[in-house]
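Basis for what follows: all heavy atoms, side chains included, without hydrogens, waters or symmetry-related copies. Letters A, B, ... are given to chains in the order of the sequence lines, protein chains preceding strands, and every chain is numbered from 1.
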There are 2 protein chains.
Amino acid sequence: MEGEQLQAIETSQSLAERLFVTLRGEIVEGQIAAGTKISEPELARRFNASRGSLREALMRLESLGLLERRVNVGARVVELSERGLLDLYEVREALEGMACRLAAQYHTDEDLTELRQMLAHHEKQEGLQAGQAYFQPEGDFDFHFRIVQASKNDLLIDTLCNRLYYRVRMYRYQLGMASPRAKRAFREHSHIIEAIEAGDGELAELLMRRHIRASRNNIEKKLTRDH
Amino acid sequence: MEGEQLQAIETSQSLAERLFVTLRGEIVEGQIAAGTKISEPELARRFNASRGSLREALMRLESLGLLERRVNVGARVVELSERGLLDLYEVREALEGMACRLAAQYHTDEDLTELRQMLAHHEKQEGLQAGQAYFQPEGDFDFHFRIVQASKNDLLIDTLCNRLYYRVRMYRYQLGMASPRAKRAFREHSHIIEAIEAGDGELAELLMRRHIRASRNNIEKKLTRDH
DNA sequence: CTCAACAATATTGTCGACAATCTGTAAGCG
DNA sequence: CGCTTACAGATTGTCGACAATATTGTTGAG
């Protein structure tokens, strides 16, 4: 039994880094199910890596909030809960709202160009979407990602893009929260960009918060329906 | 030359954990200066620990944003910048504002009792404060800490209390940003608690954001004065 | 039959050594 | 004289082995 190859395509920086990226993907996409107990020796053998390198990857995953580690017990993939998802949206509302406020003030011309371009691409895809919102989630993702970049606040960018968003994607993949409100989301995105372009930070923040809260309410409703 | 003892008083969970706590304290308080290059072998010898255990501590410090690590180069204590401090306050404004909104809705009776108690203690100390705002910073800290706890949003609590606040304290210690606006801060704290008690989340958020933004403006003014 | 103490097993925490990579210095060349 | 290139030293990345701890299964007493 051979250890498997882990993405040789990546610019291989360090083994631990590659393990981290690979495992992060598998956890986010659910190939390693939520709540799973992680066995260090087993995973190490699987990738033909030492336990040390693997442990480094695990610790990074922990700092992402994708794993929970307890001393002398081991690591488990984080459990997905309704409460956790709703909490996440509250934090996003606060953070992305601020990102919009800042983006309205500090965005570059390039930021706006890319945002508009993204929106157009978005609209085109939406045209041939008749019930199947397949690529919508990733598109929505790019939009939020790009807005945050425009805020020019490195701490904010890091917190959202390198931390929370992986958790968001994990929930989307595994609880399948693809927004069935694609058309509405598109209009909201459009208005947000306009506010940013107009330099109206206050409005931009308000719209983004309302946008995210609408998603949250949508989820909350769906969850209580399945109760 | 003997390796030094690291807080035996702590409930020793694991060596790496203790190393982490110790180093975190030294970085926050500036005993290990900002921008310092970290030598793994040197620190390992200093604590009579193996490099492996030390590396684990370093990685946790990195995830706190207190260290920056680059592959095959090593770790440096993060550099303190004016921009970094202002960024930090923007994120706090967003997050703690939301914390207040949630606290107004979800706080327990115990939360309110502790907050009021803290405020009273705070007021008493302020009486004998005539220019020396020594303990003020920590008191202010406890207040914000307690508010966040009352939000009952685990992700928000973790992000602020286990991440950002260490960075805040590092800036306070090393750039000495003890608020010279103690009396005013006290009144603002008082009003925030009242809003939370009244269950007025909207007002509580507004007041907290204004409170933090006032601190930020204060800092910004001081920085431009020293230009 | 249930519960508690104990032994066996497996897993995690810690360590020291080796290999890969970077930094700084000095020699060679244009 | 300045720039590139080779070398030496040191540091980081990776590995396998040992010790400490938790978990599981078993046995015996009540």
Rounded to whole Å, please give me the gap between [atom1] in [X] and [atom2] in [N].
X       : N      : atom1 : atom2 : answer
A/Arg76 : C/dT11 : CZ    : P     : 13 Å
A/Asn72 : D/dA22 : CG    : C1'   : 7 Å
A/Ile38 : D/dT23 : CD1   : P     : 17 Å
A/Glu40 : D/dA22 : CD    : P     : 15 Å
B/Leu19 : C/dG13 : CG    : C1'   : 12 Å
A/Leu15 : D/dC15 : CG    : C1'   : 10 Å
A/Glu56 : D/dT14 : CD    : P     : 7 Å
A/Asn48 : D/dT14 : CG    : P     : 14 Å

Practice prompt. Just say parallel, tilted or perpendicular for the rings of B/Phe143 and B/His211, cut-offs at 30° and 60°.
Written response: perpendicular
Worksheet item: Parallel, tilted or perpendicular: which describes the rings of B/Phe145 and B/Tyr165, with under 30° parallel and over 60° perpendicular?
Response: tilted
Worksheet item: A/Ala16 has a side chain; which of D/dT14, C/dT14, D/dC15 sits nearest to it?
Response: D/dT14
Worksheet item: The side chain of B/Arg69 lies closest to which of these nucleotides: C/dG13, D/dG13, C/dT12?
Response: D/dG13
Fill in: A/Ser215 versus A/Asn218, side-chain donor and acceptor atoms under 3.5 Å
no
I want to check one thing: is the phosphate of [N], taken as OP1 and OP2, less than 4.0 Å away from some side-chain N or O of [X]?
X       : N      : answer
A/Ser53 : D/dC15 : yes
A/Ser50 : D/dC15 : yes
A/Arg51 : D/dC15 : no
A/Arg70 : C/dG13 : no
A/Arg55 : C/dG13 : yes
A/Lys37 : C/dT12 : yes

Over all strands shown, is [X] touching base, sugar-phosphate only, or nothing at heavy-atom distances under 4.0 angstrom?
X       : value
A/Leu58 : nothing
B/Leu54 : nothing
A/Gly52 : nothing

Worksheet entry | Main-chain N/O of A/Asp109 paired to A/Thr113 side chain as donor or acceptor, under 3.5 Å | yes
Worksheet entry | Donor-acceptor contact present, side-chain A/Ser53 to main-chain A/Ser50, <3.5 Å | no
Practice prompt. Select from A/Val73 and A/Glu17 the residue whose nearest nucleotide in DNA chain D is closer to the 5' end of that strand.
Written response: A/Glu17
